[in-house]
There are 2 protein chains.
Amino acid sequence: MTQIKSKKFMLLDPVQTDHIHCESCPIRHRAVCARCEADELELLEEIKYYRSFEAGQHIIWSGDKMDFVGSVVSGIATLSQTMEDGRTQMVGLLLPSDFVGRPGRSGAAYDVVATTDLVMCCFRKKPFEKMMETTPHIAQRLLQMTLDELDAAREWMLVLGRKTAREKIASLLAIIARRDASLHLNAKNGPLVFDLPLTREAMADYLGLTLETVSRQISALKRDGVIVLEGKRHVTIPDMERLLEEAGDDSDGGMLD
Amino acid sequence: MTQIKSKKFMLLDPVQTDHIHCESCPIRHRAVCARCEADELELLEEIKYYRSFEAGQHIIWSGDKMDFVGSVVSGIATLSQTMEDGRTQMVGLLLPSDFVGRPGRSGAAYDVVATTDLVMCCFRKKPFEKMMETTPHIAQRLLQMTLDELDAAREWMLVLGRKTAREKIASLLAIIARRDASLHLNAKNGPLVFDLPLTREAMADYLGLTLETVSRQISALKRDGVIVLEGKRHVTIPDMERLLEEAGDDSDGGMLD
DNA sequence: TTTTACTTTTGATCTGGGTCAAAGATTTTG
DNA sequence: CAAAATCTTTGACCCAGATCAAAAGTAAAA
């Protein structure tokens, strides 16, 4: 079993990994835990289950009661909000190992839609919340993940509020490239290559633009050699530094711990 | 001592409040805690201190090392991000009782600026983090608060990405009115009255607009009777429903637990 | 009370990105 | 494979909000 490198993607840093059944499972045993390991695994198995969704399927409707939390095992989903007149804004992108759900809340705040075929690892909410109370490290890990999401949301506020269309596209490409690289453990310095997981319309909804503007700006970045396109979706970034400049980002690329 | 009504504003729901020294103090004793009450209060006192700031003063610079967390006791502060060329985007508004800081992170991600004279109740970060480990409810409470902030940030993404200038202004006024009302425990149904805590420029930075557009749209809302202005800052909302319509919001006003 | 320094409003003009329209690509279906 | 349905690109035009400019409050300092 391959280990995911970034600790960002785990609810608890695994001290022993040999009991893990699901790679992106948000509950992991921890050596320091006072409870008996067997007990925990039993409880864990009891409340864990898998759900599969087809591309395009609504996973959760905003406002619905949500009786589970979980994490993406494979596939991609989007979080979005829609106004009555149909204007929609994507507020998050869920890639494998990302957490879904709001412990302590009864209702869903956003629509969650599967962009590709998708598998989720779910936990019934009530038992999960009980487990959070008895296993403090779960709450602490969730806090860290939520702080990461908050940082991402706030970074996106700068993109939405102050960047030009070209900078917005470059910012989105940079984020996808970065996440994709960390997921696939790419060689660091070569040109980055990936397939866009989103349609032009989905990108527009993420960026607060129209799909026509997205298309035009992608064409412009291609014309200017910032990106190389094969077909509509396959992207090569010959020079990540250049892309980040186009995105208007600091060259240092944010701060980690 | 008056009790703040909304549980949203406390790190732990107070079971006994007679030991609380600071109204917006993020650490509160809890009856279920296994540790001796005296011990906790002693530790608490040891790591707690107050800091005062003048209007306009930078509290935290983005990127700086931050060795404390805390909460606003009185006054108002803003969270903002700035690009190299000077474009800035506010990503949060801190009112009394709001939490500041990122347990587990060494660096500040945003500039924090005092908008008015301001007092903060601070805790040295290391001992606070240790306390989080020994008192699980603190992490759980922080998680709830962070989830609230995440919801707010994502709601703001919709405002920034998809709303018109008029809707943006109405949205901001609605948020300020709502927070102000919950803080002052106003009578529910009368017209809401408050003073704008922000300059036109700060509003522009929050909304992703220019200050001229902010001024024009406020004038327009005034002309159309949606708001009543006395002087530049004193606002009366004669009809909150009307304001929410102008903001393009669902009439139900979001979901709480 | 005048001076100096903001903050806010209002006007005139410009432009980036939206809107409307149509034609290519690409994929799916029959 | 042709037909239908999507997705994407490109063009022509328009408008909400930006930019530039100046005047009018307001408030702190002298």
Side-chain angles (χ1 to χ4, degrees), chain A residues 54-56 78 83 85-89 113 115-117 159-173 195-224 227-235 246 248, chain B residues 54-56 78 83 85-89 113 115-117 159-173 195-224 227-235 246 248:
Chain A
E54 285 171 28
T78 62
M83 294 171 69
D85 62 8
R87 283 176 280 176
T88 87
Q89 176 66 51
V113 181
T115 290
T116 63
D117 288 349
V159 173
L160 290 172
R162 291 303 187 193
K163 290 192 177 178
T164 65
R166 171 181 262 244
E167 289 170 333
K168 285 179 174 182
I169 297 288
S171 298
L172 179 58
L173 292 174
D195 284 297
L196 279 174
L198 302 172
T199 65
R200 300 290 185 263
E201 186 179 30
M203 286 189 252
D205 283 342
Y206 206 167
L207 297 166
L209 298 170
T210 59
L211 74 173
E212 293 97 327
T213 297
V214 170
S215 180
R216 274 186 255 270
Q217 295 298 336
I218 287 181
S219 297
L221 289 174
K222 177 181 166 186
R223 183 177 354 96
D224 299 345
I227 61 175
V228 178
L229 266 192
E230 281 163 290
K232 309 305 177 188
R233 298 291 193 90
H234 193 76
V235 179
E246 292 286 354
Chain B
E54 285 172 30
T78 62
M83 295 170 69
D85 62 8
R87 283 176 280 176
T88 87
Q89 175 66 51
V113 181
T115 290
T116 64
D117 289 348
V159 173
L160 289 172
R162 291 303 187 193
K163 291 193 177 179
T164 65
R166 171 181 263 243
E167 288 169 333
K168 284 179 174 181
I169 297 288
S171 298
L172 180 58
L173 292 173
D195 284 298
L196 279 174
L198 303 173
T199 66
R200 300 290 185 263
E201 186 179 27
M203 286 189 253
D205 284 341
Y206 207 166
L207 297 166
L209 298 171
T210 59
L211 74 169
E212 294 96 327
T213 298
V214 170
S215 180
R216 273 186 253 271
Q217 295 298 335
I218 288 181
S219 297
L221 289 174
K222 177 182 166 185
R223 180 175 359 94
D224 299 345
I227 63 175
V228 179
L229 267 190
E230 281 162 291
K232 309 304 177 189
R233 298 292 192 90
H234 193 75
V235 179
E246 292 286 356

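Chain letters run A, B, ... following the sequence lines, proteins first and then strands; every chain starts at 1. For the numbers below, each heavy atom of this structure counts, side chains included, while hydrogens, waters and symmetry mates do not.
- A/T199 comes within contact range of the sugar-phosphate backbone alone, with a heavy-atom separation under 4.0 Å but no base atom that close.
- Bracketed by its first and final contacts, the part of DNA chain D lying under 4.0 Å from non-hydrogen atoms of chain A reaches from D/dT8 to D/dA12 in 5' to 3' order.
- Proximity of a side-chain donor or acceptor of B/D205 to a complementary backbone N or O of B/Q89 within less than 3.5 Å is not detected.
- Judged by distance alone, with hydrogens and angles left aside, the side-chain atoms of A/S219 form a donor-acceptor pair with the main-chain N or O of A/S215 at under 3.5 Å.
- Across every non-hydrogen atom of B/R166 and B/Q217, the tightest pair is CB-OE1, 3.4 Å.
- For A/A165 against A/T213, the heavy-atom pair with the smallest separation is CB-CG2, 3.8 Å.
- Judged purely by atom type and a 3.5 angstrom limit, B/S171 uses its side chain to pair as donor or acceptor with the backbone of B/E167.
- For the pair B/K222 NZ and C/dT8 P, the interatomic distance rounds to 13 Å; values are reported in whole Å.
- Under the 3.5 Å distance criterion, the side-chain polar atoms of B/K222 are left unmatched by any main-chain donor or acceptor of B/L229.
- Defining each end axis of the helix from C/dT1-D/dA30 to C/dG30-D/dC1 as the rotation carrying four pairs' C1' atoms onto the next four, with five pairs an end, the two axes are found to diverge by 40° to 10 degrees.
- A donor-acceptor pair under 3.5 Å is formed between the side chain of B/R87 and the backbone N or O of A/R162.
- The two atoms that bring B/Y206 and B/L172 nearest to each other are CD1-CD1, 3.6 Å, heavy atoms only.
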Going 5' to 3' through nucleotides 17-30 of chain C and flagging B where a protein heavy-atom sits under 4.0 Å of the base, S where only the sugar-phosphate is that close, and - otherwise, we get SSBB----SS----
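- The nearest pair of heavy atoms linking B/K168 to B/V159 is CE-O, 3.4 Å.
- The minimum heavy-atom distance linking B/K163 with A/M83 is given by the pair CE-CE, 4.0 Å.
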